[in-house]
Every structure is written in C-alpha cells, then in structure tokens.
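Read the structure below first, then the notes.
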Amino acid sequence: MKLEDKLFLVRFQPDKTSHLHIVEGDICLKQCKEKPCTFFCPAKVYEWHDTEERIQTAYEGCLECGTCWIGCPYDNIDWSHPRGGFGVMYKFG
Ligand code: SF4
Ligand code: SF4
C-alpha cells in the first residue's frame, strides 16, 4: 500500500484553533531561503503563498509526527499537541 493510500485512512478531529503557529513571518520571508517546512512535513501542512509572501498552515491535517520541533532551522514554529480529544486518530490507519 502506498503512503498516500495509508494517509487516506487517517481520520481527524480538528480543533477550532490551531495548535501550531509561525512565530516570526519575516524570518520565513527574508532569511529562510529553502523553506524546508514545505517538504519535511508529511501532511503538507506548510505551504508558501507567493502573493501574500508568507507560510500558510493547514493545521487540521497535522499527523502529530513531531518533526516541527526539530525541522525548522530557525526554530520558528511554535508547535504543541492539540487539546485532548482533538487531532489525528490513527485507529483506521
Ligand atoms: S522552515 Fe521555519 S523559518 Fe523556514 S519557512 Fe518554514 S517556518 Fe519559516
Ligand atoms: S507535527 Fe508533523 S505532520 Fe504536524 S505539522 Fe509538524 S511536520 Fe507536519
């Protein structure tokens, strides 16, 4: 089974507010050329928006893999686990 097919089986209970935030948008814009968050996240939560010149986040699809804690070279992602009862549910995966 391909990874994409496995991810399709994962279910989510998204909270109303995000559990992850970009700390300083200017760092993404001016210092971080490679923008590794746009490819280290397996759920593609982070996407660079050319027009708005900022990282957009789709927190609802976060797989809670924890890569955010170590992946950003500028320590510019404020990530915590979602509140209890919210987030990813792996029982179908
Ligand atoms: S890796 Fe970090 S600093 Fe770079 S674009 Fe993503 S959030 Fe911004
Ligand atoms: S914890 Fe993992 S799945 Fe969630 S946003 Fe970070 S890299 Fe993506």
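Just follow the structure's listing: the first ligand is 1, and inside any ligand the first atom is 1. Please read all numbers here as calculations on a predicted model, not as lab measurements.
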Original post:
Side chain, backbone, both or neither: which part of Thr38 has a heavy atom under 4.0 Å from ligand 1?
Top reply: neither
Original post:
At a 4.0 Å cut-off, with the gap strictly under it, does some heavy atom of Gly71 reach an atom of ligand 1?
Top reply: no
Subject >> Linked, directly or transitively: Leu29 and Ile22 (ILVMFWY side chains, under 4.5 Å) >> reply: yes
Original post:
Does atom CD of Gln56 have more than 12 heavy-atom neighbours, drawn from other residues, nucleotides or ligands, at distances under 6.0 Å?
Top reply: yes
**OP:** May I ask you to decide if Thr38's main-chain N or O and Lys44's side chain share a donor-acceptor pair within less than 3.5 Å?
**Re:** no
Original post:
Which protein heavy atom lies closest to atom 8 (Fe) of ligand 1, and at what distance to 0.1 Å?
Top reply: Cys28 SG, 2.3 Å
Original post:
How far apart are the C-alpha atoms of Glu60 and Phe86, what are their side-chain angles, what is the distance that settles it, and do they pass the side-chain contact (heavy atoms from CB on, under 4.5 Å) test?
Top reply: CA-CA 10 Å; Glu60 299 91 337; Phe86 293 97; over 6 Å; no
**OP:** Could you check Tyr59 against Thr17 for side-chain contact (heavy atoms from CB on, under 4.5 Å), going step by step and ending with a plain yes or no?
**Re:** CA-CA 9 Å; Tyr59 72 92; Thr17 56; 5.7 Å; no
Subject >> Where ligand 2 meets Trp79 - atom numbers and elements under 4.0 angstrom, heavy-atom basis >> reply: 1 (S), 4 (Fe)
Subject >> Partners passing side-chain hydrogen bond (donor to acceptor under 3.5 Å, both in side chains) against Asp78 (at least two apart in sequence or in another chain) >> reply: none
**OP:** Evaluate the side-chain contact (heavy atoms from CB on, under 4.5 Å) criterion for residues Cys32 and Asn76: first the C-alpha distance (whole Å), next the side-chain angles of each, then the deciding distance (0.1 Å), finally the verdict.
**Re:** CA-CA 10 Å; Cys32 188; Asn76 200 28; over 6 Å; no
Original post:
Got a sec: does the CD of Glu52 have more than 12 other heavy atoms crowding it under 6.0 Å?
Top reply: yes
Subject >> Heavy-atom closest pair, residues Cys37 and Ile77 >> reply: CB-CD1, 4.3 Å
Subject >> Atom indices of ligand 1, in the order listed, that fall short of 4.0 Å to a heavy atom of Ile22 >> reply: 7 (S)
Original post:
Nearest to atom 4 (Fe) of ligand 1, what protein heavy atom do you find, and at what distance?
Top reply: Cys32 SG, 2.3 Å
Original post:
Stepwise, does the side-chain contact (heavy atoms from CB on, under 4.5 Å) test hold for Met89 with Phe12?
Top reply: CA-CA 6 Å; Met89 296 183 290; Phe12 300 90; over 6 Å; no
Subject >> Heavy-atom nearest neighbour of atom 2 (Fe) of ligand 1 within options Cys37, Pro73, Cys72 >> reply: Cys72
Original post:
Counting only heavy atoms, which portion of Tyr59 has something under 4.0 Å from ligand 2: side chain, backbone, both, or neither?
Top reply: neither
Original post:
With a cut-off of 2.8 Å, how many protein N, O or S atoms neighbour atom 2 (Fe) of ligand 2?
Top reply: 1
